[in-house]
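First listed ligand is number 1; within each ligand, the first listed atom is number 1.
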Amino acid sequence: MRLSQYFLPTSKETPSEAQIVSHRLMLRAGMIRQSSAGIYSWLPLGFRALKKIESIVREEEDAAGCQEVLMPTIQPAELWKQSGRYDDYGAEMLRIKDRHDRDMLYGPTNEEQITEIFKAHIRSYKHLPKLLYHIQWKFRDEVRPRFGVMRGREFLMKDAYSFDLDYDGAVRSYRKFFVAYLRTFARMGLKAIPMQAESGPIGGDMSHEFQILADTGESKVFCHKDFLKFDPLQTDPDYNADLKPLVNRWTSLYAAADDKHDPKKCPVPADQLLEARGIEVGHIFYFGTKYSQPMGAQVDGPDGKPAIVHMGSYGIGVSRLVGAIIEASHDDSGIVWPDAVAPFRVGLINLKPGDTKTDALANDLYVKLLQAKIDVLYDDRDERAGAKFADMDLIGLPWQIVVGPRGAATGSVEIKRRKGGERQEMPADKALARVAG
Ligand code: ATP
Ligand code: MG
């Protein structure tokens, strides 16, 4: 993409309405535009980052055996009356009437909708387990929308749902998501720590929030330091095998958000306890028959008798992740995208458009990057070098290749790794190989 043609409304001004760094940087980097409180449009650069994150989420859900569907944003109130949540949900739910005066709502989540689908089509235990997910916009009329996309009113969520014959089956499904979540966040360059969460009326220990550590996190969190040494990407999990040992390894260490943490009962010695702030990026949850019972989602069991199915739900804040990743990865000059979620991999800077040799080398590199299918943003604008460097640092692409008149005379360029900032001069073809690797 040529920057001269790209819609990238960057700004040097620090937006006064933004309280935290990710929100400021997203506005300054021209990633989003506020529409109303907690509701945003995604501009090209922001949308690319969102899509990158979404595809990692999708790949890991698919790998875990979860099948993608797409349910509507607008749901009939009738479904929520069946589960009893229509009255319980309160002011966070956006309630709408259609032209026939029917009660509708903009979905804050989809348990009812997916249970209705399950009930309509699945009648036998032989078709269990079923794991289904979608990636869809949600609306929650939050009391305090803030921090940009991190606590929006309209936000993109991946929500998955599991259906099993019994508790043991539900445990197996739960573990699949547990492992898939570890991998999902690690692939985005994040250290996400599973923390035991409030499990609601059913009790038990099958509820975990995945928190990433960042100074601006909304909750205070406590965990064993050894978590930082774990690497979820070390082995490829076999989702058909018993995942208990893997999950146990991660749950054997202490981790809790402040609502669950009791300093008097904390088993971790002070020198091994990490105290930090966390951003919740995912939540997995087993809730038994909470929806299947009132909505009548049952199958014929192996003994021929009807059995109410056991369910779980598993959410990831896809749009929140864009902000959360920036919170975890930025410096004074701007965003520092982890490779896997960067909107472009390379920023190519032509320092002197109009200079024949510089243009020739920069254009040649641009074409070669495109041919190699490397996402590149080519700054071919007629701008001061300083402004180009500042913009490129601000938008935080992992690699920068700088082509100037001096190097162009000998076919060499400067390459800079955004993270760490090391620069190196090298022949253009070497730079190409470096950013490809
Ligand atoms: P929170 O405690 O942050 O309000 P929640 O418990 O309401 O979260 P869930 O219902 O479990 O969240 O939703 C799943 C995921 O969706 C959360 O882990 C979070 O990443 C994301 N999420 C929830 N609310 C918002 C929001 N208002 N804006 C952006 N993302 C959100
Ligand atoms: Mg909430």
Side-chain angles (χ1 to χ4, degrees), residues 19-20 22-23 26 32 34-40 42 46 49-50 53-54 56-57 61 73 85 88-94 106-114 133-162 174 177-178 180-182 184-185 188 190 192-200 206-214 216-221 256-260 277-287 290-291 311-328:
Q19 300 168 34
I20 58 167
S22 61
H23 190 196
M26 287 182 76
I32 49 170
Q34 184 174 317
S35 165
S36 61
I39 306 182
Y40 294 87
W42 292 77
L50 185 68
I53 291 167
E54 189 184 310
I56 292 177
V57 171
E61 295 291 303
T73 54
R85 277 211 291 185
D88 293 350
Y89 215 89
E92 263 193 28
M93 182 188 275
L94 180 65
Y106 195 121
T109 176
N110 286 66
E111 281 82 3
E112 285 80 358
Q113 187 84 69
I114 197 86
Y133 75 100
H134 75 161
I135 301 175
Q136 178 63 291
W137 294 91
K138 305 288 184 286
F139 192 93
R140 294 181 186 176
D141 208 346
E142 299 274 355
V143 193
R144 283 184 69 202
R146 59 191 173 143
F147 302 157
V149 299
M150 295 241 282
R151 184 165 295 284
R153 293 198 295 165
E154 192 178 62
F155 59 96
L156 188 60
M157 194 203 283
K158 183 286 300 180
D159 39 323
Y161 304 90
S162 64
Y174 186 86
F177 286 99
F178 190 102
Y181 275 37
L182 292 173
T184 301
F185 300 124
M188 295 174 191
L190 295 170
I193 296 172
M195 308 204 174
Q196 186 99 68
E198 226 42 80
S199 46
M206 293 233 291
S207 174
H208 285 89
E209 288 170 357
F210 287 73
Q211 302 261 3
I212 62 164
L213 307 182
T216 47
E218 283 187 302
S219 33
K220 197 163 183 189
V221 297
D258 51 3
D259 54 338
K260 273 245 165 183
R277 299 200 70 85
I279 301 172
E280 184 195 317
V281 288
H283 190 176
I284 61 177
F285 196 19
Y286 162 74
F287 46 72
K290 181 172 177 201
Y291 302 95
M311 293 175 60
S313 74
Y314 313 88
I316 290 182
V318 177
S319 51
R320 174 178 288 184
L321 272 165
V322 181
I325 290 167
I326 297 174
E327 286 298 326

Side-chain ion pair, E218 and R146, N-O less than 4.0 Å
yes
Classify the ring geometry between Y174 and Y314 as parallel (under 30°), tilted (30 to 60°) or perpendicular (over 60°).
tilted
With respect to R140, determine whether any N or O atom, backbone or side chain, lies less than 3.5 Å from an N or O atom of ligand 1.
yes
Which residue is it: V149, V318, I32, L321? I am looking for the one with a side-chain contact (heavy atoms from CB on, under 4.5 Å) to L50.
V318
Using only heavy-atom distances, determine whether the side chains of S207 and Y286 contain a donor-acceptor pair under 3.5 Å.
no
Could you list the atoms of ligand 1 found under 4.0 angstrom from a heavy atom of H283?
11 (O), 18 (O)
Any N or O on G315 sitting closer than 3.5 Å to an N or O of ligand 1?
no
Is there a heavy atom of G282 sitting under 4.0 angstrom from any atom of ligand 1?
yes
If we set the cut-off at 4.0 Å for heavy atoms, which region of L321 has an atom near ligand 1: side chain, backbone, both, or neither?
neither
Would you please name every residue forming a side-chain contact (heavy atoms from CB on, under 4.5 Å) with D141, sequence neighbours left out?
F139, R153
Out of R320, M157, E209, E92, who gets a non-hydrogen atom closest to atom 14 (C) of ligand 1?
M157
Taking atom types as modelled, find out whether Y106 and E154 have a side-chain donor-acceptor pair closer than 3.5 angstrom.
yes
Does D159 come within less than 4.0 Å of ligand 1, judged by its heavy atoms?
no
If you measure from each heavy atom of V281 to ligand 1, is any distance below 4.0 Å?
yes
Is it true that E111 and T109 share a donor-acceptor pair across their side chains at a distance under 3.5 Å?
yes
Is ligand 1 less than 4.0 angstrom away from at least one heavy atom of K138?
no
With E209, which residues qualify under salt bridge (charged side-chain N to carboxylate O under 4.0 Å, His left out), at least two apart?
none
Please find out if less than 6.0 Å separates the ring center of F178 from that of F210.
yes
Atom indices of ligand 1 within 4.0 angstrom of V149 heavy atoms, with elements
29 (C)
As a check for students: among R151, M150, E218, identify the option with a heavy atom nearest to atom 3 (O) of ligand 1.
R151
Do any nitrogen or oxygen atoms of E280 lie less than 3.5 angstrom from nitrogen or oxygen atoms of ligand 1?
yes
With heavy atoms under 4.0 Å as the rule, classify the contact between E142 and ligand 1 as side chain, backbone, both or neither.
side chain
